[in-house]
Amino acid sequence: MDCDKCDREAVMHAAYSGLHLCDDHFCRSVEKRLRRRIRDDNLLPASATPDDPQVWLIGLSGGKDSVVLTKILHDTFADDPRIELVALTIHEGIEGYRDKSLDACLELTDDLDIRHEVVSYEEEFDLRMDDVVDKDPENMAACAYCGVFRRDLLSKYAEEYGADKLLTGHNLDDEAETALMNFLEGDVAQVAKHFDASLAGFDERSDQDEFVPRAKPLRDVPEKEVALYAHLEDLPAHITECPHSSEAYRAEIQRLMLSLEENHPGTRHSIMAGYEELAKLAADEFGAGDGKRELNECERCGAATTRDVCRKCSLVDAIHAA
């Protein structure tokens, strides 16, 4: 099958759009969607200048999504003095897994000449995820612990490095799955939090100075297309599932989403279009605006929290006590 844009052989077919694209036009399509999302989300405000540049902290895990995000951001802004890119890799302490992905991060940031910082659970919390899984004091999935710790460190270092934005590599599948899970669980409060953490939420609420706003420039690009881009561009992505990954419910949602998308192309895009509208309504009613969710400082670490002691500190205490 020929590319719909030229006479070269197509390497992919996007059922949701009907397009057949060659390697070159496909890669340009991914880049175009990411850059359009940057414009639509107003990631680069008019106030940014060479004398007062924006600092964007990228959560770089070494997986395909964060590697592709970092590569395209670099190609887009390497010569733009209004943007300073900083990559942050978090080492969770998972033997035989994170060391290899860290190698991918080092190779990429060396090639692109991007500032790269590495922090670890061991240095920050005096624990390793391998040990957390063995102890499991809260009887939770490993991903539940890890998600709390990762979010804490991303927020902490975004503030420490003076970041204006925190960028993560969540793709369309990630976002649509999360949206569907929140729907099926009836978790309106989580939908509101999802909106409040978004750039749209920050634009509408002036009382969120405690947090660095997060952005997901790849959220319009399906996961398989991100993987294909990484392959075609020969990027050093570490494409291996975490050995502690055990989100059984999300795995069910993934299978459901794949089936829906196969039978009804465009389902993921439709879910996200409706979800973002509903998330705004939920945030207006249940979110952080107008004092609906009062934030305090954690008694242990000073992080913003609705509790006396934040969730991260509570989990760290429980793990060390086990």
Side-chain angles (χ1 to χ4, degrees), residues 57 59 61 88-94 98 119-161 163 166 168 170 174-175 177-179 181-182 184-198 201-202 205 207-216 242 244-250 279 282-283 286-289 291-322:
L57 182 66
S61 69
L88 175 67
T89 299
I90 298 173
H91 197 306
E92 304 93 342
I94 303 173
R98 184 54 70 199
V119 299
S120 72
Y121 288 1
E122 191 164 22
E123 294 172 347
E124 297 288 332
F125 310 132
D126 191 27
L127 56 82
R128 296 170 58 85
M129 273 307 301
D130 287 339
D131 299 326
V132 173
V133 172
D134 289 338
K135 293 183 176 182
D136 189 15
E138 300 287 311
N139 193 27
M140 302 192 307
C143 298
Y145 291 102
C146 205
V148 172
F149 298 149
R150 287 182 62 81
R151 284 190 294 272
D152 178 83
L153 290 181
L154 286 170
S155 296
K156 174 183 176 180
Y157 281 94
E159 183 175 346
E160 183 168 317
Y161 298 149
L166 171 57
T168 59
H170 292 80
D174 296 328
E175 292 295 279
E177 289 160 10
T178 297
M181 288 170 68
N182 288 340
L184 296 179
E185 292 173 349
D187 197 341
V188 179
Q190 187 61 36
V191 173
K193 284 179 63 178
H194 200 175
F195 179 83
D196 279 336
S198 70
F202 276 82
R205 290 159 168 77
D207 57 349
Q208 299 196 24
D209 294 338
E210 303 90 348
F211 302 105
V212 174
R214 300 190 177 207
K216 303 169 183 177
C242 172
H244 298 316
S245 178
S246 57
E247 291 189 284
Y249 185 47
R250 181 174 285 272
F286 299 102
K292 292 188 178 71
R293 200 168 65 228
E294 183 178 352
L295 293 176
N296 309 305
E297 286 190 1
C298 173
E299 295 174 355
R300 304 289 182 81
C301 68
T305 179
T306 57
R307 313 164 181 230
D308 293 331
V309 176
C310 72
R311 180 61 168 156
K312 176 263 300 181
C313 286
S314 296
L315 287 179
V316 169
D317 288 346
I319 292 163
H320 286 312

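Atoms considered below: every heavy atom in the structure, side chains included; atoms not considered: hydrogens, waters and symmetry mates.
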Determine, stepwise, if the pair R150 / E92 fulfils side chain to side chain contact (heavy atoms under 4.5 Å, CB included).
CA-CA 8 Å; R150 287 182 62 81; E92 304 93 342; 2.9 Å; yes

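- C313 and C301 make their closest contact through SG-SG, 3.7 Å (heavy atoms, listed as atom of the first residue, atom of the second, distance).
- When all heavy atoms are compared, the tightest approach of V133 to A142 is CG2-CB, 3.8 Å.
- The CZ atom of R128 lies 13.5 Å from the CD1 atom of I319; values are rounded to the nearest 0.5 Å.
- Separation of atoms OG (S120) and CG (L153) is listed at 8.5 Å; rounding is to 0.5 Å.
- Among pairs with a residue in residues 125-144, those fulfilling ring pair (Phe, Tyr, Trp, His ring centres under 6.0 Å) read Y121-F125, F125-F149, at least two apart in sequence or across chains.
- The two residues A163 and L57 come nearest to each other via the heavy atoms CB-CB, 3.9 Å.
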Using side chain to side chain contact (heavy atoms under 4.5 Å, CB included), reason through R214 and R151 one step at a time and then give a plain yes or no.
CA-CA 11 Å; R214 300 190 177 207; R151 284 190 294 272; 4.0 Å; yes

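- Taking every heavy atom of both residues into account, V191 and A282 meet most closely at CG1-CB, 3.9 Å.
- Enclosure of atom CD in E160 by more than 12 non-hydrogen atoms of other residues, nucleotides or ligands within 6.0 angstrom is indicated.
- Taking every heavy atom of both residues into account, E138 and A318 meet most closely at OE2-CB, 3.6 Å.
- Every residue meeting the ring pair (Phe, Tyr, Trp, His ring centres under 6.0 Å) condition with Y157, not counting sequence neighbours, appears here in chain and number order: Y161.
- A side-chain donor-acceptor contact under 3.5 Å links R250 and T178.
- Put simply, the side chain of D136 gets close to the backbone of M140: a donor and an acceptor are under 3.5 Å apart.
- Taking CZ of R307 as the start and OG1 of T305 as the end, the distance is 6.0 Å to the nearest 0.5 Å.
- The pair D174-K216 does not count as a salt bridge, with every side-chain nitrogen at least 4.0 angstrom from each carboxylate oxygen.
- Within the 4.5 Å cutoff, the side chain of R300 has heavy atoms near those of the D317 side chain.
- Judged purely by distance below 3.5 Å, without hydrogens or angles, the side chains of R311 and T306 never pair a donor atom with an acceptor atom.
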Could you check R98 against S61 for side chain to side chain contact (heavy atoms under 4.5 Å, CB included), going step by step and ending with a plain yes or no?
CA-CA 8 Å; R98 184 54 70 199; S61 69; 3.9 Å; yes

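- For the atom pair L166 CG and L154 CG, the distance stands at 5.5 Å (nearest 0.5 Å).
- Taking all atoms of both residues into account, the shortest heavy-atom contact from H91 to I94 is CE1-N, 4.4 Å.
- The distance from atom CD of E297 to atom CG of D308, rounded to the nearest 0.5 Å, is 12.5 Å.
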